[in-house]
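All of these numbers come straight from a predicted model, not from anything done at the bench. Naming: A, B, ... by sequence-line order, numbering from 1 per chain. As a basis for the values below, the full set of heavy atoms in this structure was taken, side chains included, without hydrogen atoms, waters or symmetry mates.
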Amino acid sequence: MRYIPNSPEERTEMLHQVGLNSAADLFDSIPEDLRLARNLNTTAALSEIELLAGFEQLAARNTGAKRTSFVGAGAYQHYIPTIVDHIISRSEFFTAYTPYQPEIAQGTLQTIFEFQTLVCQLTGMEVANASMYDGSTALAEAVLMAERVTKRSKVVACGAIHPEYLEVISTYVQHAGIELLHAPNHPETGQASDARELLDDKTAALVVQSPNFFGCIEDVAALAEKAHSVGALLIVAITESISLGLLKSPGASGADIVVAEGQSFGVPLSFGGPYVGLFATREKYARQIPGRLVGEAYDKEGRRGFVLTLATREQHIRREKATSNICTNEGLIALAATVYLETMGRRGLQEVAAQCAQKTAYAAKRIGELQGFSIPFTAPRFNEFVVRAPLAAKQLLSRLALERNITGGLALSRYYPDQPNEILVCVTEINSRAEIDALVEGLASQATM
Amino acid sequence: MRYIPNSPEERTEMLHQVGLNSAADLFDSIPEDLRLARNLNTTAALSEIELLAGFEQLAARNTGAKRTSFVGAGAYQHYIPTIVDHIISRSEFFTAYTPYQPEIAQGTLQTIFEFQTLVCQLTGMEVANASMYDGSTALAEAVLMAERVTKRSKVVACGAIHPEYLEVISTYVQHAGIELLHAPNHPETGQASDARELLDDKTAALVVQSPNFFGCIEDVAALAEKAHSVGALLIVAITESISLGLLKSPGASGADIVVAEGQSFGVPLSFGGPYVGLFATREKYARQIPGRLVGEAYDKEGRRGFVLTLATREQHIRREKATSNICTNEGLIALAATVYLETMGRRGLQEVAAQCAQKTAYAAKRIGELQGFSIPFTAPRFNEFVVRAPLAAKQLLSRLALERNITGGLALSRYYPDQPNEILVCVTEINSRAEIDALVEGLASQATM
Amino acid sequence: MKSDITKVTTHINPNEALIFERSQPGRVGYRLPPLDVDEQPISEIVPREFLRDDDLDGVPEVSEVDVIRHFVRMSTWNYSIDQGMYPLGSCTMKYNSRLNEKVARIPGFAALHPLTEAEDAQGALEVIHDLQEDLAEITGLAGVSLQPAAGAHGEMTGVMIIRAYIDARDGAEASAKRRTMLIPDSAHGTNPASAHLSGFSVKTIRSTTEGLTDLAHLRELCAGGDVAGLMLTNPNTLGLFETNIQEICRIVHDAGGLVYMDGANMNALVGVARPGDMGVDVIHLNLHKTFSTPHGGGGPGCGPCCCTKELEPFLPVPRIVKEAGQFKLDFNYPQSIGRVKAFFGNYGMMLRALAYIQTHGNDGLREATEAAVLNARYVANGLTSDYEKPFSAPPMHEVVFTDKRQTRKGVHTLDIAKRLIDYGFHPMTIYFPLIVQGAMLIEPTESVGRQELDQFIDAMRSIAREAVEDPDLVLNAPHSTRIGRLDEAAAARKPVLRWKPKQAAFAS
Amino acid sequence: MKSDITKVTTHINPNEALIFERSQPGRVGYRLPPLDVDEQPISEIVPREFLRDDDLDGVPEVSEVDVIRHFVRMSTWNYSIDQGMYPLGSCTMKYNSRLNEKVARIPGFAALHPLTEAEDAQGALEVIHDLQEDLAEITGLAGVSLQPAAGAHGEMTGVMIIRAYIDARDGAEASAKRRTMLIPDSAHGTNPASAHLSGFSVKTIRSTTEGLTDLAHLRELCAGGDVAGLMLTNPNTLGLFETNIQEICRIVHDAGGLVYMDGANMNALVGVARPGDMGVDVIHLNLHKTFSTPHGGGGPGCGPCCCTKELEPFLPVPRIVKEAGQFKLDFNYPQSIGRVKAFFGNYGMMLRALAYIQTHGNDGLREATEAAVLNARYVANGLTSDYEKPFSAPPMHEVVFTDKRQTRKGVHTLDIAKRLIDYGFHPMTIYFPLIVQGAMLIEPTESVGRQELDQFIDAMRSIAREAVEDPDLVLNAPHSTRIGRLDEAAAARKPVLRWKPKQAAFAS
Ligand SMILES: Cc1ncc(COP(=O)(O)O)c(C=O)c1O
Ligand SMILES: Cc1ncc(COP(=O)(O)O)c(C=O)c1O
């Protein structure tokens with residue numbers, strides 16, 4: 001096996017050196033009847049040529065990957081600067097472990113420190129951790145943290161949170177004695193309705209996503225004020241982090257915990273992962289944060305370095321009393337996001353966000369003018385919006401795919417069977433005007449059939 | 001411009017610091033009337049997205065790149081281990097210059113020393129240089145070196161040398177007062193004919209390619225003996241270096257200078273370049289070698305290192321009296337070849353060569369049995385052979401391409417208009433039995449049309 | 001076999017400031033295509049009060065060249081697998097194949113949106129399905145979910161499955177009395193943390209002086225009738241195979257509990273023995289350990305959860321199933337614990353792991369296990385003369401030593417670890433497992449050749465000598481790195497967790 | 001602006017033996033698909049006497065992991081552009097864009113065979129054609145061949161074109177009397193070497209004390225009537241623009257000669273001035289300098305040859321031409337000097353150079369030139385107080401200083417260069433051009449930011465101080481590298497150019 005340095009001959013010599021006759025002897029401590037007497041029933045070894053051919057064939061059957069796409073809904077296609085992949089492919093980064101030995105891991109540690117800083121700057125918060133698995137688990141952890149911080153057990157979730165995020169929250173909190181309430185969204189605006197009646201002095205947190213699942217920008221400041229008025233925390237979730245280049249930061253609007261999916265920052269769609277969860281909060285809650293934190297430190301000569309810190313929060317020290325069970329996080333993806341953010345920089349992030357908003361406005365305007373189509377929600381939007389079609393969305397979309405090789409959006413019926421005609425459309429800087437116009441024509445042609 | 005670190009503001013400050021008002025002032029020493037008053041008439045700046053889309057479109061028009069191919073003739077498709085590209089993409093290798101400062105270039109120097117050693121081992125020679133531009137220029141330089149070494153001016157080239165190599169030799173020697181003679185090949189065997197009548201005491205070198213352009217393995221030992229009998233050198237050229245894994249080394253057969261195209265060692269076809277020329281000879285001629293040489297050296301503490309050596313042969317010291325004008329060579333491609341050779345290793349090189357020979361034998365046998373087709377040359381072959389078709393090769397091949405998406409080989413009429421029906425077919429480890437069978441069927445179907 | 005122990009020397013290494021300290025107004029590292037739709041005033045699209053008003057103050061402005069140099073320079077400060085042996089016990093730092101990286105970047109996978117309709121993502125779903133089948137075969141456990149993003153996530157999933165199963169089996173009321181999870185004192189911290197997340201209270205099982213689970217104590221704890229399950233690592237974190245595993249499972253099962261196995265150490269078992277055959281009910285795997293998906297400086301991982309047919313109905317949804325040659329998402333598992341992550345999990349890691357399995361082939365998987373255990377045995381053999389080996393049983397894929405002999409001279413595990421750096425090695429895992437005072441847990445993996453193992457053994461022995469002859473040399477190590485030991489206590493006392501512009505640095 | 005001059009520190013760095021010293025019988029790093037045709041005895045395919053009989057003795061046997069670690073470790077011994085400023089004068093070490101690397105690897109190009117029929121390679125040929133057009137526009141010279149593989153190769157091509165042109169113009173006999181090529185004493189070594197390859201004898205032109213071509217001497221040499229041409233570098237290798245270029249061309253032309261320009265220094269001119277407009281007849285470019293194709297530790301390069309319409313018929317064949325929207329190979333140039341390389345030249349470099357040109361855009365190309373010249377001017381400005389600047393004229397893209405002041409204390413250019421390494425910089429080009437005693441030729445290029453330029457200036461100044469206060473410190477530099485200065489004299493005296501097995505090492 002070409003990945004194993006020692007040749008069979010060398011291994012035989014080593015076996016003798018440790019006083020054994022055969023490789024089988026290495027497993028003497030395993031009871032005879034537990035040892036597998038046969039070969040595993042997995043494939044025989046493949047060469048690179050065969051293996052690549054096999055995966056290329058599989059990839060070719062992912063017809064969806066080749067289409068012009070307007071699907072977002074928690075995973076977004078954005079331009080990824082070429083250097084991102086080159087840097088995360090450096091042996092020194094991708095084949096290193098968690099930086100437990102700072103003297104030989106400063107490369108990883110300083111990049112995480114930069115990541116934490118960037119997350120704070122973008123979210124408008126004071127502290128951020130070294131990453132969570134993804135946006136959905138970060139949100140679930142935020143809910144658990146709110147319960148720890150407030151010692152309250154009720155959590156109110158605004159309606160238009162990504163349905164899969166809501167499912168993950170429910171899974172996480174099911175044994176934590178937390179009562180999860182859902183506040184409906186306003187049918188016209190599409191924004192969170194006045195949740196005041198659900199909020200009370202038992203409420204640990206009000207949870208809102210902005211822009212929400214339907215693309216509507218929420219009035220975060222107003223919600224923060226409502227939450228704070230009953231002593232609850234406001235948790236803001238963001239699935240489209242590029243929006244932070246244009247929209248007021250949750251921090252500036254009064255959020256107490258901000259979580260986000262960082263995939264939009266230079267991470268390929270890759271059928272849903274690996275992505276990276278961003279987690280930020282107020283300095284006063286720093287010791288309640290789940291996951292790893294990197295901090296500044298100095299050696300005897302006063303040289304600056306960085307180390308994993310506040311470890312007493314974590315499972316390897318606190319065990320069952322830890323702030324979370326997370327250990328391995330999304331290090332390399334956090335690095336990718338860091339490279340992306342530093343490459344795009346201050347002006348690039350602003351321009352990407354502005355282009356998304358402009359192109360989306362253009363698309364929404366043109367689709368809104370189409371015979372038979374309407375745009376139900378009136379709230380301001382960033383780069384996603386709901387379209388109400390004159391026919392079943394699934395049917396319309398599969399025709400669009402077949403006839404024009406366009407994935408026109410997400411049929412909301414996937415999550416809301418009672419909304420068969422609604423499509424969630426996403427437009428980013430990747431979508432050219434020509435593609436948008438093709439989508440509009442495609443929709444028009446379907447309506448008039 | 002994102003590749004230029006200093007911002008316009010910074011550059012303005014710097015201009016003032018050096019006492020200038022504008023960028024234009026930087027060019028005061030250029031006469032006014034020579035300064036370009038307009039913008040260059042090249043394209044406006046493109047973003048990564050636009051640029052990649054443009055090149056992808058161009059690439060899509062290279063329909064030949066997508067076909068099953070049996071073309072060799074000096075450039076061969078072989079399996080390239082994935083790690084080759086990863087290693088040559090290391091910043092430390094591909095963004096370094098020629099190793100002029102050994103203290104901070106040992107990475108490059110040690111790899112070149114390994115390259116030189118591997119070339120010696122494979123060719124059976126005693127010294128090898130750090131690379132030439134490619135096989136064709138390496139051969140031309142070999143001819144010039146033979147003239148220097150022997151102080152003789154006549155060079156005899158066996159007939160079946162790659163036509164483009166012959167053209168390059170003619171260009172190189174046209175002003176060197178060298179007379180270039182061509183010895184015809186034997187019509188049945190396809191091997192070099194007895195060139196004895198052309199050899200005399202004015203002959204600097206006999207030049208032979210093996211396997212030759214028609215795929216025939218030459219009797220190098222016999223030719224060496226002929227050359228040496230008149231005091232001439234034998235120069236052996238190899239276009240398919242993989243053959244060295246199976247065939248007797250030129251050194252073992254008495255060659256004095258061996259040059260080869262190293263493309264087969266892990267280098268993509270890339271429409272003809274960059275490739276890498278291998279150049280090896282006898283130790284006694286070391287000071288006559290063109291190009292760079294790396295040698296072992298030690299520092300004060302006796303630590304081993306490597307340096308560029310015997311520089312007195314080279315242009316930067318010897319100027320017009322140098323052994324060659326070459327300066328920049330093919331460093332990174334030599335590195336790729338080194339990675340390839342070390343990854344395949346002793347056994348891998350033997351297996352690749354054996355598979356090429358076996359599959360070629362299979363293909364030749366099946367095609368030879370086809371109604372109307374014949375295999376003109378009887379000499380033993382490695383992985384190429386000539387097929388004589390019952391119709392015009394160009395026509396046959398374009399039909400094969402159209403109907404079966406197979407490039408069946410090279411129409412020899414490209415170089416030999418008097419051989420309209422002949423096809424040079426190459427089979428490597430990349431070509432599966434199924435592909436070979438498809439070629440055979442394809443040929444058969446064409447014959448019976 | 002004595003080797004030349006100087007694996008490293010010192011050489012110039014670039015310094016590099018924080019990117020925020022490098023930033024210069026007006027520098028840019030990007031370019032986008034010009035906006036191709038008619039631009040409207042942004043405030044007509046988004047009302048002013050919702051717009052950012054800080055102009056992204058503080059976000060760096062640098063050129064592409066600055067970025068490349070920034071990260072390339074910082075990268076040279078890291079030790080990595082590609083530079084050599086990385087013997088972190090319990091972490092299985094094996095070679096990360098370049099081939100697998102290439103596979104994960106094939107556009108047909110990398111550009112595929114997770115909400116693509118199943119019929120347009122058949123290839124991607126087949127990969128998930130095939131990997132599920134392979135992992136089921138390797139573990140001997142039929143039900144598999146690839147959704148968990150890492151080991152701890154898989155633990156949480158597995159423990160929740162146990163809870164849901166018992167709820168269904170005994171009914172809510174009876175189940176409510178079973179809220180105890182048994183965990184050995186040698187277990188990894190994520191085990192109790194995950195049990196806690198699932199609402200269990202943890203009871204700790206003692207290990208015997210041989211480093212194995214104390215059966216008597218286990219029986220005693222099981223007697224209470226409140227035991228929902230046991231979380232066992234096997235081979236355990238001391239690198240020892242739990243020889244009584246069958247008996248252990250019997251005891252727990254008889255007490256009405258289920259057995260969870262932490263599969264982090266599967267590199268000792270793949271192709272040799274299967275947890276399912278041992279009586280284990282549910283397990284998590286670390287694809288980023290046993291199946292070589294890159295650790296990436298802390299992740300991403302992938303922590304599949306495998307369980308018995310009986311527990312399968314409780315696995316997270318969606319399940320990826322094959323019906324009439326078609327691959328589809330199946331949400332119809334009413335007893336499922338629910339979703340633990342958006343979409344399908346860390347898909348890119350699944351591609352790499354499947355490539356690993358197919359590249360090795362069934363014989364290669366066993367060969368890797370044998371080579372890994374042999375390397376650990378070889379190191380154990382080479383160090384016993386100089387270091388205290390607390391347990392006599394032959395180690396599997398990793399071996400634990402202690403600093404007992406060195407402490408006499410005031411040299412502790414931390415010092416030995418730091419001194420190893422001067423010899424060019426990444427230190428082993430230290431002070432874990434917690435039950436072993438001054439533990440040094442060494443896992444070479446199969447990816448190290450004999451010469452380097454010899455270098456490592458020689459380095460460790462040389463350090464043992466230094467600890468006697470020149471303790472200060474060891475106490476002040478490392479001596480060859482760009483920075484020395486950092487004051488972690490001070491860092492935790494007044495944590496600085498982000499960069500701030502100098503003037504603002506004092507505020508807050 | 002004073003900067004923190006510690007650009008580097010020292011850190012552990014891996015040692016690594018030669019692969020031949022690491023090789024172990026039986027190790028393998030490859031796997032091929034099984035042979036899928038019926039195997040015959042090899043000797044039935046190739047007669048025994050033609051088969052290898054040494055079993056490839058000595059060729060290494062290592063695993064894939066060994067190979068990765070081998071090269072990754074060795075790579076860390078290199079300095080590279082990605083680590084910082086690389087001010088090698090005349091070499092134009094600018095940023096190598098990752099985007100260009102990606103372009104060159106697009107399968108439609110990378111997998112394309114050079115003998116593909118033109119109609120099946122239209123995209124590839126269009127790239128060649130477009131690059132030819134762009135280079136013609138940039139140089140102001142209409143005829144372009146991309147066939148030469150590097151600068152020296154382009155020189156040979158250009159000089160042969162001059163010879164062929166004169167043969168055609170004057171007839172063989174008269175032409176035979178024109179065999180002198182004039183080359184300034186400051187020229188790069190490849191110039192005379194290339195002239196010699198084309199059968200010319202070289203006469204050297206003096207430079208004036210201002211560092212420019214001595215017109216009087218030029219006139220004198222031209223008087224002989226034997227002059228075929230002049231090979232001039234402009235800006236010359238002293239970094240100075242030949243202000244009299246028009247007059248120079250006139251003199252040579254009047255004498256019946258042609259003007260060849262060495263375009264290695266085009267980074268000072270692109271978008272600002274065009275050789276064609278100056279009267280130059282033929283030029284070579286170094287795409288691996290001005291157009292940023294990576295230097296790769298010594299190559300590959302690409303040295304296009306550009307010439308006037310008049311000389312176009314003599315360019316190498318095949319030419320790539322556009323006819324009725326189709327791109328084709330045109331061999332029909334009876335006066336061509338012939339082919340200088342198999343196939344089309346270093347195609348991969350052409351892709352990168354075109355990507356460079358399109359990424360910059362016409363304004364960006366000029367911007368890069370301005371930034372490059374400004375950076376050189378800035379360095380010149382910063383060093384004049386401490387180092388001897390032999391020529392007063394303002395430098396273009398590079399500037400030459402000497403060790404004149406430092407030699408008083410016995411410190412020479414070589415020592416200053418080696419000491420720069422301790423400060424984290426790659427040294428400048430030293431002892432070139434030959435006419436300047438103790439030359440230090442500094443070319444920062446546009447790819448360096450102001451802070452690093454300041455670091456460089458500070459480092460140089462600090463070395464100047466050290467040369468006075470502590471000369472030995474400089475004389476024994478570098479002090480921070482894994483090896484010290486190597487004994488190159490001894491290496492050349494008894495050259496060891498390849499590894500040999502120990503026992504055999506003495507034989508031969
Ligand atoms: C024994 C053991 N269990 C569980 C874990 C947790 O796995 P992860 O870090 O992937 O969450 C680890 C890895 O650190 C481990 O070593
Ligand atoms: C002025 C000058 N001319 C010619 C050359 C030769 O170019 P190349 O090395 O590409 O052959 C160089 C590069 O070294 C140079 O600096």
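In this structure, E167(A) does not pair ionically with K341(C), as no charged nitrogen and carboxylate oxygen lie closer than 4.0 Å. For the pair K248(A) and E49(C), the salt-bridge criterion is not met [side-chain N within less than 4.0 Å of a carboxylate O]. By the 4.0 Å N-to-carboxylate-O rule, K359(A) lies close enough to D36(C) to be salt-bridged with it. For R346(A) and D55(C), the salt-bridge test passes: some basic side-chain N is under 4.0 Å from an acidic carboxylate O. In this structure, R35(A) does not pair ionically with D277(C), as no charged nitrogen and carboxylate oxygen lie closer than 4.0 Å.
Side-chain contact of Y79(C) with E92(A): a donor-acceptor pair under 3.5 Å is absent, judged by distance alone. If you check the side chains of H70(C) and E114(A), you find a donor sitting under 3.5 Å from an acceptor. With hydrogens and angles left out, the side-chain atoms of N78(C) and T108(A) include a donor and acceptor closer than 3.5 Å. Side-chain atoms of Y3(A) and S97(C) include a donor-acceptor pair closer than 3.5 Å. Counted by atom type alone, R339(C) and T171(A) present zero donor-acceptor pairs between their side chains at under 3.5 Å. In summary, the side chains of N325(A) and T190(C) do not present any donor paired with an acceptor at a separation below 3.5 Å, with no hydrogens or angles considered.
Under the ring pair (Phe, Tyr, Trp, His ring centres under 6.0 Å) criterion, F71(C) pairs with no residue, sequence neighbours left out.
Separation of the H295(C) and F94(A) ring centroids does not fall under the 6.0 Å cut-off. Taking the ring centroids of F271(A) and F343(C), they lie at or beyond the 6.0 Å cut-off. Remark: aromatic rings of Y133(A) and H153(C) are close, center separation under 6.0 Å.
Both the backbone and the side chain of P102(A) come within contact range of chain C, judged by heavy atoms closer than 4.5 Å. Proximity to chain C involves both the backbone and the side chain of D219(A), based on heavy atoms less than 4.5 angstrom apart. For A176(A), no part lies under 4.5 angstrom from a heavy atom of chain C. Of the two parts of R319(A), the backbone and the side chain both hold a non-hydrogen atom closer than 4.5 Å to a non-hydrogen atom of chain C. Interface remark: V127(A) contributes side-chain atoms only to the contact with chain C (heavy atom separation under 4.5 Å). Only the side chain of L365(C) comes within contact range of chain A, with heavy atoms under 4.5 Å apart. Contact of Y172(A) with chain C is made through backbone and side chain together, with heavy-atom distances under 4.5 Å.
For T95(A) (side chain) and I81(C) (main-chain N/O), a donor-acceptor pair under 3.5 Å exists by modelled atom type. Side-chain N or O atoms of R377(C) include one that pairs as donor or acceptor with a backbone N or O of L26(A) at under 3.5 Å. Listed for the Y378(C) side chain is no donor-acceptor partner under 3.5 Å among the backbone atoms of V18(A). Counting only distance, with no hydrogens or angles, the side chain of H113(C) and the backbone of A75(A) share a donor-acceptor pair below 3.5 Å. No side-chain donor-acceptor contact under 3.5 Å links E56(A) to the backbone of I106(C). Remark: side-chain polar atoms of Q116(A) are paired, donor with acceptor, to backbone N or O of L497(C) under 3.5 angstrom.
If you tally non-hydrogen atom pairs under 4.5 Å between each of A149(C), A104(C), A152(C) and chain A, the highest count goes to A152(C). Counting heavy-atom pairs under 4.5 Å between each of N41(A), T137(A), T309(A) and chain C puts N41(A) at the top. Chosen from H426(C), R366(C), E488(C), the residue pairing most often with chain A at heavy-atom distances under 4.5 Å is H426(C).
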Passes salt bridge (Lys or Arg N to Asp or Glu O under 4.0 Å), R498(C) versus E283(A)? Steps please.
CA-CA 11 Å; R498(C) 61 166 291 187; E283(A) 195 149 30; over 6 Å; no

Please determine whether salt bridge (Lys or Arg N to Asp or Glu O under 4.0 Å) holds for the pair E103(A) and R485(C), giving the CA-CA distance in whole Å, both sets of side-chain angles, and the decisive distance to 0.1 Å.
CA-CA 7 Å; E103(A) 297 87 350; R485(C) 296 192 199 184; 5.2 Å; no

Could you walk me through whether K66(A) and D120(C) pass the salt bridge (Lys or Arg N to Asp or Glu O under 4.0 Å) check?
CA-CA 10 Å; K66(A) 293 173 199 65; D120(C) 296 329; over 6 Å; no

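Interatomic distance, L36(A) CG to E137(C) CD, rounded to the nearest 0.5 Å: 7.0 Å.
Counting only heavy atoms from C-beta outward, the side chains of L246(A) and R52(C) never approach each other to under 4.5 Å. Side-chain contact between Q358(A) and Q40(C) is present, with heavy atoms from C-beta onward closer than 4.5 Å.
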